[in-house]
Amino acid sequence: MSGKNDAAKTGKIAVWWDMKDCPVPEGIDDHRVRPSIEGAFKEQGYSGPVSITAYGDQKQTPDTKSTCAVMYLDMVKWREDNPPPATMMIITNQMLDVFNWDLARLQQRTSYNIFLAYSIRPVAALFVYTRKEWLWEKLLHGTTSTSVDTAGELSTVFHCEFCSLDCQSVKSFKKHLSTKKHAIEEVLNPQPTQLISVTKRWGKNYAATPEYATAKIHVSWDMSECPIPDGYDARRVRPSLEGAFKELGYSGPVSITAFGDHKQTPERHLHALSSTGIDVAHALPEFIYSRMFDDLKLWRDNNPTPTTMMIISDGAEYLLGGSLARLKQLKKYNLFWAYSFRPWKMSVMLTSAEWLWDSLLAETKRHVLRKCSGSSESVVESTGMFYCKMCFSKRKRLDKFMKHLSSKKHISEEEGITEHVEASEKRRLYWLKAKRMFSREQAVEESCLVEVEKL
């Protein structure tokens with residue numbers, strides 16, 4: 001990753017500037033814009049050639065959404081023509097509301113170094129991972145010692161999007177904007193008013209590419225949201241997952257960690273899972289997501305790309321989606337996702353495959369767990385580890401693990417931790433439950449609409 005970043009520091013830098021959101025402040029010479037931007041990049045160690053495109057309605061009838069839509073089309077085209085390593089800078093206040101979702105998904109597939117400037121700081125964290133962010137006015141004031149070349153050595157093109165026309169001077173550009181021909185083109189060729197998503201058209205369940213076909217796969221499974229179905233043999237979970245992977249061409253070694261409040265999980269399930277090499281991790285419901293994220297991040301850090309990670313959880317989008325999307329932009333890896341109900345909208349996480357949890361297990365549901373004395377299940381040795389993610393301890397044997405979960409030390413540890421869970425965390429979990437309930441209702445409603453349309 002560092003080598004790629006070093007190459008980007010001498011590669012092309014393209015800047016898209018929304019002049020309505022971020023105009024040149026009063027008292028600052030327009031000629032300062034380029035040297036200020038270049039100076040800011042040099043402070044970050046970037047020395048590649050810089051191209052700047054400034055967007056605005058020169059007739060002073062600006063439409064922010066239209067400007068963003070045109071900017072984004074140009075960004076996507078530039079990305080197609082300029083593969084990494086290269087750098088993008090976006091100067092706008094609309095990153096959170098307009099560009100954030102689709103650009104974050106684009107970045108997860110093909111990552112560029114991204115810089116951002118704005119006149120108003122975003123009110124929430126971005127899905128897009130940025131190398132550096134600036135307040136626009138501070139950026140312009142930050143290089144006051146830089147000499148400004150007003151001799152006009154750099155060529156400037158004035159472009160009319162409506163007419164697809166380039167002018168070489170301000171005078172000829174202004175003259176063009178006042179012509180009847182231009183006025184007609186504005187009516188005949190209106191610019192898009194909404195950003196056109198590129199990634200919504202992307203499919204799912206792609207066949208494995210050669211670099212990922214035999215690479216490691218790590219599965220982080222939330223058993224509280226995607227439980228083992230009644231009557232299902234827990235020993236079939238691993239072969240069900242591995243079978244689904246092989247259908248897409250993935251044959252690498254698979255590690256699985258099953259998270260949940262395992263004081264509530266039947267011991268026969270824990271033993272069956274462990275007998276197939278699945279690790280068991282105990283965590284209280286309000287800590288499962290943070291422990292899953294820590295597990296995924298640690299595994300990723302210890303297993304450099306190419307690798308694949310899988311999440312089995314309904315709440316991944318709401319509590320892990322943004323973090324995993326940013327993580328995926330930093331270090332490339334494949335991402336799989338399984339859930340008990342289909343999300344009502346596309347996730348910001350860019351996945352290579354998605355499944356309904358029941359459909360993953362459906363082909364092996366005929367394997368019913370039969371309870372009988374001396375059954376093979378009772379004598380198979382556990383090969384998975386048992387982790388307590390509340391006390392951060394581990395056991396090799398199930399009986400020792402269950403004894404730990406019922407111990408005074410463990411109970412005291414859990415009580416001490418839960419007392420420190422802030423009210424904001426509890427509100428967040430309540431919001432998640434409401435969000436999941438809405439998603440389920442939305443999914444059922446959409447399914448009913450499809451059935452009605454078939455009639």
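With hydrogens and angles disregarded, a donor-acceptor distance shorter than 3.5 Å links the side chain of Trp221 to the backbone of Cys226. Not a single donor-acceptor pair under 3.5 Å links the side chain of Glu414 to the backbone N or O of Cys391. Between the Ser359 side chain and the Leu356 main chain, a donor and an acceptor come within less than 3.5 Å of each other. Not a single donor-acceptor pair under 3.5 Å links the side chain of Asn100 to the backbone N or O of Leu126. Of the possible donor and acceptor atoms, one in the side chain of Gln108 sits under 3.5 Å from a partner among the backbone N and O of Leu350. A donor-acceptor pair is defined here as one N or O able to donate and one able to accept, closer than 3.5 Å; no such pair exists between the side chain of Asp279 and the backbone of Gly384. Here the side chain of Ser119 pairs no donor or acceptor atom with the backbone of Cys22 at under 3.5 angstrom. The closest donor-acceptor contact from the side chain of Asp314 to the backbone of Ser340 lies under 3.5 Å. Thr10 places a side-chain N or O within 3.5 Å of a backbone atom of Ala7 that can act as its donor or acceptor partner. The backbone N or O of Lys200 sits less than 3.5 Å from a side-chain atom of Ser197, completing a donor-acceptor pair.
The six-membered or imidazole ring of Tyr46 lies near that of Phe115, with a centre-to-centre distance under 6.0 Å. Taking the six-membered ring where the residue is Trp, the centroids of Trp136 and Trp17 are separated by under 6.0 Å. You'll find the ring centres of Trp355 and Phe336 inside the 6.0 Å limit.
For Lys42, the NZ atom sits in a loose shell: 12 or fewer heavy atoms of surrounding residues, nucleotides or ligands are nearer than 6.0 Å.
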Show, in sequence, the C-alpha distance, side-chain angles and deciding distance for Thr199 and Asp102, and conclude whether the side-chain hydrogen bond (donor to acceptor under 3.5 Å, both in side chains) test is met. CA-CA 6 Å; Thr199 67; Asp102 207 56; 2.6 Å; yes
Stepwise side-chain contact (heavy atoms from CB on, under 4.5 Å) check, Leu324 with Ile311: CA-CA 10 Å; Leu324 287 174; Ile311 306 168; 2.8 Å; yes
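Under 4.0 Å is where a charged nitrogen must lie from a carboxylate oxygen, and between Arg291 and Asp295 no such pair does. Under the 4.0 Å criterion applied to side-chain N and carboxylate O atoms, Glu211 and Lys332 are not assigned as salt-bridge partners. With respect to the salt-bridge test (charged N to carboxylate O, under 4.0 angstrom), the residues Glu38 and Arg34 qualify.
Here the shortest heavy-atom pairing between Leu284 and Met390 reads N-SD, 3.6 Å. For Trp101 against Ser347, the heavy-atom pair with the smallest separation is CZ2-O, 3.6 Å. The two residues Asp21 and Gln94 make their nearest non-hydrogen contact at OD2-NE2, 2.9 Å.
Rounding to the nearest 0.5 Å gives a distance of 9.5 Å between OG1 of Thr92 and CG of Asp97.
Shown are Glu242, Lys216, His218; of these, the side-chain contact (heavy atoms from CB on, under 4.5 Å) with Val254 is made only by Glu242.
Proximity of Trp299 to Ser255: side-chain heavy atoms (C-beta onward) are separated by under 4.5 Å at one or more points. Two residues are said to be in side-chain contact when any heavy atoms from C-beta on lie closer than 4.5 Å; Thr305 and Lys331 fail this criterion. Looking at heavy atoms from C-beta onward, Leu106 lies in side-chain contact with Val76 at the 4.5 angstrom threshold.
For Arg238 and Phe245, the positive end is not near the middle of the six-membered ring at less than 6.0 Å and at most 45° from its axis.
Between Asp74 and Tyr55, the side chains place a donor N or O and an acceptor N or O closer than 3.5 Å (distance only, hydrogens not considered).
For Tyr118, there are no ring pair (Phe, Tyr, Trp, His ring centres under 6.0 Å) partners at least two apart in sequence or on another chain.
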